[in-house]
Amino acid sequence: MSATARPSQDSLWTRLLLIGGTVGFLTLFLFVPLALVFTEALRKGLQVYAEAITEENALSAIKLTLTVTAISVPLNAVFGVAAAWAIAKFSFKGKSLLLALIDLPFAVSPVVSGLVYVLLFGARGLFGPWLDEHNIQIIFAVPGMVLATVFVTFPFVARELIPLMQSQGNDEEYAALSLGASGWQTFRKVTLPNIKWALFYGIILCNARAMGEFGAVSVVSGHIRGETNTLPLHVEVLYNEYNSAAAFACASILSLLGLLTLALKTFIEWRAGLRRRHS
Amino acid sequence: MSIVLKNIRRTFGTFQALRGINLEIADHQLVALLGPSGSGKTTLLRIIGGLDFPDPGNGTVSIHSEDVTEKPAADRKAGFVFQHYALFNHLSVFENVAFGLEVRPRPTRPSKEAIRDRVLELLRLVQLDGLEQRLPSELSGGQRQRVALARALAIDPKVLLLDEPFGALDAKVRKDLRRWLRSFHQEIGVTTVFVTHDQQEALELADVVVVMNQGQIEQTGSPQEVYDRPATPFVYEFLGDVNKVRKPGRPDLFYVRPHEVRILFAGDSSAEFHAKIEHLFAAGPSARLSLRLTDSRDTLDADMTRAQLEEMGLSEGDEVGLQLALTSKT
């Protein structure tokens, strides 16, 4: 806190150079592209824009994206809390291995994880014949896309919670147990309120990534228009067809969702900061 | 007997935290588990409370004649107060104290009014009435500790377990709270076990002091017993200052506390030892002398009153005679 109040000892030129460099970089690589997305999207007028995003395939892509997100984010919220709980509150053999596994989706390329699912559940994959017999379609269908999204976005919630839960220790949970609370009561009344903001934050990041995921979903989707195209995939298809106005229109929806996420994230950081200062 | 522990062992990996603890605690007593860090005292307290368990098949815990070895903390009715309070920071003081009553299953849960009455009564008892709407973050350390105590008492515990209850407080508050806890215990009469590494605290506060070292009990007894008749060299050294002295021509060590050293004039015929005053420290009610024995060259500390010091007119560099009430410990 005192650091902001203390005048910098660096020379004026150093400061100008650093600030100017940062602003310049951000303008060139972030603001300009973002602005371009919207100008390109609206270049042929509102009419074309509205048509592009209400067209049948676009609507289906939006719907699919929301469906996949609506399934995978809650799943990962639950998995994430469970994994963070296990890692932060218990000591057991293989804990560091589990930690490494949680980071795996960050480490491998999404395309690879998509391919793994094809190898497992695809027609010629490990479980392919069995799935075929039972008439279950995973690859080139919604279940496959959910699986791929869950895999890629798994670390967000867990990673956000683990350091927090580790720093909080177990004393409050122990206190609740010694007062006669059941495990579920302890979780709901003690643990959950303590991790609330970090959990929201993790869910928002997870949500942003789930909606924007391209690589893994692209491999398992099969690009069936109006059926297995998510919004990012739809943008690519449109772009490859030189339909840039429509591509940018759809991209602008993704960008808006991104901006919304950013706003929510800032709000939550602000709230969590308030709370920290309060206690 | 309120608490009976039989042959408790607990190992963490290769570290033996407790190596066969046997202890009986009578009803209504205030008992101190005293020992240096790593002696196993907190582990023992957690095992009594059901927050930790003995190695399987190694030891039993009984509370009020009921074997609770296998019972989880929630079923033991042992009120636990943590060193860093472990208050629920998102709940008000009132909600913290009410927690143990609110989480009861519906058939045994008191009515809203009954809970309210009980909580307010407890807050009066710990002298925090009027603060029920505050958040724990708005309280001082001493107040938080008393909220934790009230919260633990709300469940009508069979025993009260306090882990370093004054560890996180500053010296002044510590002293006040210590005195308060003593009279508070007399008032409520619940069997209480507290963990401390501060011998002063244990001796001042407890009815019974259990001195622990390296996972074992060295001695159990009243404060006076353990101070005056230490059972082992460890207890002797851990409780209060102690001098180690060798008699000329004998290899064994003797123990003597500074206040047990009698200072005589150098020419006094009843002197057993002779020594030189190397340093004299006389700030405070009593004076402390650093002495070096003429024969063995051992150093030892001695306490005497300021009045005695002035009467004898001693100063640094003087020769004196000594009488020592020596206790052999080796």
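Only this structure's heavy atoms are used, side chains among them; waters, hydrogens and symmetry mates stay out. Letters A, B, ... are given to chains in the order of the sequence lines, protein chains preceding strands, and every chain is numbered from 1.
The most heavy-atom pairs under 4.5 Å with chain A, out of B:Q83, B:R151, B:R76, B:E102, come from B:R151. For the set B:A152, B:P105, B:G100, B:A154, the count of heavy-atom pairs under 4.5 angstrom toward chain A peaks at B:G100. Interface summary for chain A: among B:P136, B:A74, B:G50, B:G49, the most heavy-atom pairs under 4.5 angstrom belong to B:A74.
Ring pair B:F15/B:F12 is parallel by interplanar angle, where below 30° counts as parallel and above 60° as perpendicular.
With a 4.5 Å cut-off on non-hydrogen atoms, B:A148 does not touch chain A at all. Both the backbone and the side chain of B:L51 come within contact range of chain A, each with at least one heavy atom under 4.5 Å from a heavy atom of that chain. At a 4.5 Å heavy-atom cutoff, the contact between B:L87 and chain A is made by backbone atoms alone.
Looking at B:R118 and B:D156, a side-chain N of the basic residue comes within less than 4.0 Å of a carboxylate O on the acidic one, giving a salt bridge. Using a 4.0 Å cut-off between charged side-chain N and carboxylate O, B:D67 and B:K6 make no salt bridge.
You'll find the ring centres of B:F99 and B:F88 inside the 6.0 Å limit. Aromatic ring centres of A:F267 and A:F200: separated by at least 6.0 Å.
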